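Quick notes on the structure that follows.
Model, not experiment: these values are computed from the prediction.
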Amino acid sequence: MNIKEAKQEVVNTVQAYLKKDENGDYVIPVERQRPVLLIGPPGIGKTAIMEQAAKECGINLVSYTITHHTRQSAIGLPFIEKKNYGGQEVPVTEYTMSEIIAAIYDRIEQTGIREGILFLDEINCVSETLAPTMLQFLQYKTFGNHRIPEGFVIVTAGNPPEYNKSVRDFDIVTYDRVKRIHVEEDFSVWKEYAYRMRIHGCILSYLEIKKENFYSVVSDLEGKRFVTARGWEDLSQIMKVYESLELPINYELVVQYLQDEEIARDFANYYELYNKYNRIYRIPEILEGVIPENTQAMQQAPFDEKLSLIGLLLDALGQEFASYVQEKEVQSALLEQMRFLREDLKEEKGSAAELLKRQRQTYSQMGEHQKKAGLLTREEEKARQAVIRILQEFEEFLASEGCGSGKENFLLLKSRFDEREEARQNRIAKTGSHLSNAFSFFARVFGEGQEMVIFLTELSAGYYSLKFVSECGNEEYYKYNRMLLLKDRKEELREEIQKLQL
C-alpha cells in the first residue's frame, strides 16, 4: 500500500486497540494487540505519518531510531538488589528502567494523556547485541524487566534487505506476533503532502514532468545511487533559504541531497530553465490580469514548458493561499483573546492593561507546555508566536494611547483588531482576484484544453487552495469546475452509447 493508506491503517489500528468496553477495559487485550511493523524503502515518510496519525488520534507520540541505541540504553543498566529466598539473603541482578520506557512516562507527565504511539524506526537493522532484545520486545512488549504502559500502541518500521545490508530477517515466530504492512513509494500521494508542506514549486513542477525521478535506488559497480522523498523535501527547504539569501543553487548543492549524479544534474538544469520561464512569462503580471503578448508562442510551446508555466502559477498562488490559512488562524486566536478580555472587563477583574498582560502570559505558558509535549506542528508554533507578538503590540498601544475606562480601552483595542481584519479581507480579495485572473489567462490562451484541466486538477488537490476556495469562494473556479465535470459526463455518455451500438 502507499504511505497514505499506511497512515490510515495505523490510525485504524490505534482506534481499535484503544477501544474500551463498558467496564473500561480494552476490548482487545493488551497481549493480543500486535505491534505494527511497516516495511518499506527508506525516506518515503514513515516517520512523518506517525506524527500525523498521533495528532489525528489526539494521543502522544514517542519516537526513537533504535539503531542509535545500545543494549544498555534499551533495557536499562544492571544493579545488585538483595532478596530473601528460603530464609537466605542473596544478591540478585536487577535493571534500571529502560530509557525508552522512561520517555513514555515522561511524555504522559508532560501532556496528561495516558495513551499514545511508541514508534521505533529501523527495527530490523539493530546490532547483534541488541537483536535478542528487539525480538523479546516485539513478542512480549517488554524492555528488560519493564513493560510498555497500557494505552501505548507499538508501531515499528524497517527497510527491506535490498536497501540496507544491515537488515536482519525476523523468524516466523516473530512475524506471527506482529501486524506487518508493506509500504511503497507513490508520487501522487506524496504530492498531496508536498502541497501541505509547501515544497518548492520548481520541485513539484519537475517531478510532474519526470515522475520516474521521484524515488530511485540503483546499485552498480560504482556503488549505490539514490533519490528519496526525504531528499526532495530537505532540498526544498535549503533552496528556499538559499533564494532568500541570494545564494547560487547549482549542481554542487543539489547533488548533496539527490545522491544520484544524473538526476541531480538534470534537476539543476531544470531549475535554471524554471527561473528563465519565470522571467519570460512574467507571472506577477498574469495574476494582475495582464495577458502576455506572446500567447501564440505559449500555445505552440512544448508540453513540458506548459507544465512549467502551470507550476509557476500554482506556486505563486500557493504562497497566497498558505498565507491566508495562517493569517486566519492568527486572527481567530486574537478574536478569542479579545472575547476573554471583554468578559473579564465586564466582571471588573482588573484594568485592561493588567488583563491583557495576564492573558498574554497565560497564552504563552500554555503554548510552551504544548510545545514541550510535542503537540504543536511547525505551522501552529509560528501562528502562536505571531499571536504573542501582536498581543505585545496591543499592550504597547494601550500603554501609549489608553487612558479612559475599561470599556473605552477595549474599544481602542477593538479598533486595532478591526484594522487588522480589514487588511486581511483586502488580501483575501486580492488573492481571489489573482485566482480569477489565472483562470482568465488559461481560458484566453489555451481554452478548455488539457492545460485548464491540469490547472484545475492541481488546485483541487492542494490543501491550502481547497481551504481558500471552500471558505472564501471563487466564481471562476466553480464555473470551470462545473464545465469540466459536465464535459467529462458527456464523454462518459458518448462512450456508453457507442458500446450499446456495438
Side-chain angles (χ1 to χ4, degrees), residues 48 51-52 54-56 58 191-204 233-234 236-241 243-244 283-284 287 311-340 359-360 363-394 413-414 416-436 438 458-474 477:
E51 297 171 356
Q52 297 168 27
K55 189 171 182 61
E56 190 172 321
K191 190 165 68 170
E192 294 180 28
Y193 167 81
Y195 278 130
R196 182 80 180 260
M197 299 306 294
R198 300 171 68 180
I199 297 298
H200 197 290
C202 180
I203 291 176
L204 288 172
E233 185 170 0
D234 292 346
S236 169
Q237 292 185 354
I238 198 70
M239 284 173 64
K240 289 182 177 181
V241 177
E243 287 176 340
S244 68
I283 301 302
L287 294 180
L312 285 163
L313 284 164
L314 287 168
D315 189 37
L317 287 168
Q319 293 178 38
E320 295 187 44
F321 295 145
S323 295
Y324 158 76
V325 173
Q326 187 171 42
E327 286 176 1
K328 182 188 176 185
E329 187 174 344
V330 170
Q331 195 73 344
S332 297
L334 281 175
L335 178 60
E336 184 179 40
Q337 294 301 314
M338 292 291 290
R339 287 171 177 164
F340 289 154
Q359 282 183 213
R360 177 180 58 79
Y363 182 83
S364 179
Q365 290 167 359
M366 289 177 60
E368 284 299 317
H369 175 74
Q370 291 176 312
K371 183 181 177 181
K372 287 179 181 178
L375 299 177
L376 295 178
T377 65
R378 186 182 179 90
E379 293 302 314
E380 288 170 339
E381 172 61 14
K382 285 182 180 179
R384 185 182 76 86
Q385 292 292 346
V387 172
I388 292 172
R389 285 195 300 270
I390 296 165
L391 289 175
Q392 287 175 328
E393 291 172 7
F394 280 8
L413 290 177
K414 184 177 180 301
R416 292 298 294 267
F417 177 86
D418 290 342
E419 288 173 8
R420 285 186 52 83
E421 181 61 19
E422 183 180 358
R424 190 178 78 91
Q425 291 299 327
N426 289 337
R427 286 191 290 272
I428 291 173
K430 188 173 183 179
T431 299
S433 175
H434 287 170
L435 178 57
S436 297
E458 295 302 310
L459 281 175
S460 301
Y463 171 79
Y464 295 108
S465 53
L466 272 182
K467 286 277 284 185
F468 179 84
V469 172
S470 62
E471 294 174 1
C472 304
N474 185 272
Y477 176 88

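The salt bridge (charged side-chain N to carboxylate O under 4.0 Å, His left out) pairs that include a residue from residues 328-338 are K328-E471, where partners are two or more places apart or lie in different chains.
Here R339 pairs with L335, R342 under the side-chain contact (heavy atoms from CB on, under 4.5 Å) rule; sequence neighbours left out. Listed by chain and residue number, nothing satisfies the salt bridge (Lys or Arg N to Asp or Glu O under 4.0 Å) test with K430 (two or more places apart in sequence, or in another chain). Partners of R427 by salt bridge (Lys or Arg N to Asp or Glu O under 4.0 Å), not counting sequence neighbours, listed by chain and number: E327. Residues passing the side-chain contact (heavy atoms from CB on, under 4.5 Å) test with S433, sequence neighbours excluded: N437. D418 is linked by a side chain to side chain donor-acceptor pair (under 3.5 Å) to K414, counting only residues two or more places apart in sequence or in another chain. Scanning for side chain to side chain donor-acceptor pair (under 3.5 Å) contacts around E421 gives Q331, R424, Q425, with sequence neighbours left out. E381 pairs by the side-chain contact (heavy atoms from CB on, under 4.5 Å) definition with K371, L376, R384, Q385, not counting sequence neighbours. The side-chain contact (heavy atoms from CB on, under 4.5 Å) test applied to L466 returns Y477, not counting sequence neighbours. The ring pair (Phe, Tyr, Trp, His ring centres under 6.0 Å) search around Y463 returns none, not counting sequence neighbours. Not counting sequence neighbours, the partners of E458 by the salt bridge (Lys or Arg N to Asp or Glu O under 4.0 Å) test are K191.
The CZ atom of R416 sits 11.0 Å away from atom CE of M338, with the distance rounded to the nearest 0.5 Å. Atom CD of Q337 sits about 12.0 Å away from atom CG of L413, to the nearest 0.5 Å. Interatomic distance, R378 CZ to M197 CE, rounded to the nearest 0.5 Å: 8.0 Å.
Surrounding CD of E422 are at most 12 heavy atoms belonging to other residues, nucleotides or ligands under 6.0 Å away.
Salt bridge E380/K55: present, at least one basic N to carboxylate O contact under 4.0 Å.
Shown here for C202 and M239, the closest heavy-atom pair between the two residues is CB-CE, 4.5 Å. Across every non-hydrogen atom of I428 and F468, the tightest pair is O-CZ, 3.7 Å.
The closest donor-acceptor contact from the side chain of N474 to the backbone of G432 lies under 3.5 Å. Side-chain atoms of S465 come within 3.5 Å of backbone N or O of L459 as a donor-acceptor pair.
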Donor-acceptor list for residues 313-323 side chains, cut-off 3.5 Å, not counting sequence neighbours:
{"from": "E320", "atom 1": "OE1", "to": "T431", "atom 2": "OG1", "distance (Å)": "2.9"}
{"from": "E320", "atom 1": "OE1", "to": "H434", "atom 2": "ND1", "distance (Å)": "3.1"}
{"from": "E320", "atom 1": "OE2", "to": "H434", "atom 2": "ND1", "distance (Å)": "2.8"}
{"from": "S323", "atom 1": "OG", "to": "Q319", "atom 2": "O", "distance (Å)": "3.0"}

**Prompt:** E379 and V325: side-chain contact (heavy atoms from CB on, under 4.5 Å), yes or no, with the steps?
**Reply:** CA-CA 10 Å; E379 293 302 314; V325 173; over 6 Å; no
**Message:** Under the criterion side-chain contact (heavy atoms from CB on, under 4.5 Å), I'd like the reasoning laid out for D234 against I238: C-alpha separation, chi angles, the key distance, then a yes or no.
**Reply:** CA-CA 6 Å; D234 292 346; I238 198 70; over 6 Å; no
**Item:** Audit row: Y363, R360, side-chain contact (heavy atoms from CB on, under 4.5 Å) steps and yes/no
**Value:** CA-CA 5 Å; Y363 182 83; R360 177 180 58 79; 5.7 Å; no
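Using modelled atom types, one finds a donor on one side chain and an acceptor on the other under 3.5 Å when comparing E233 with Y193.
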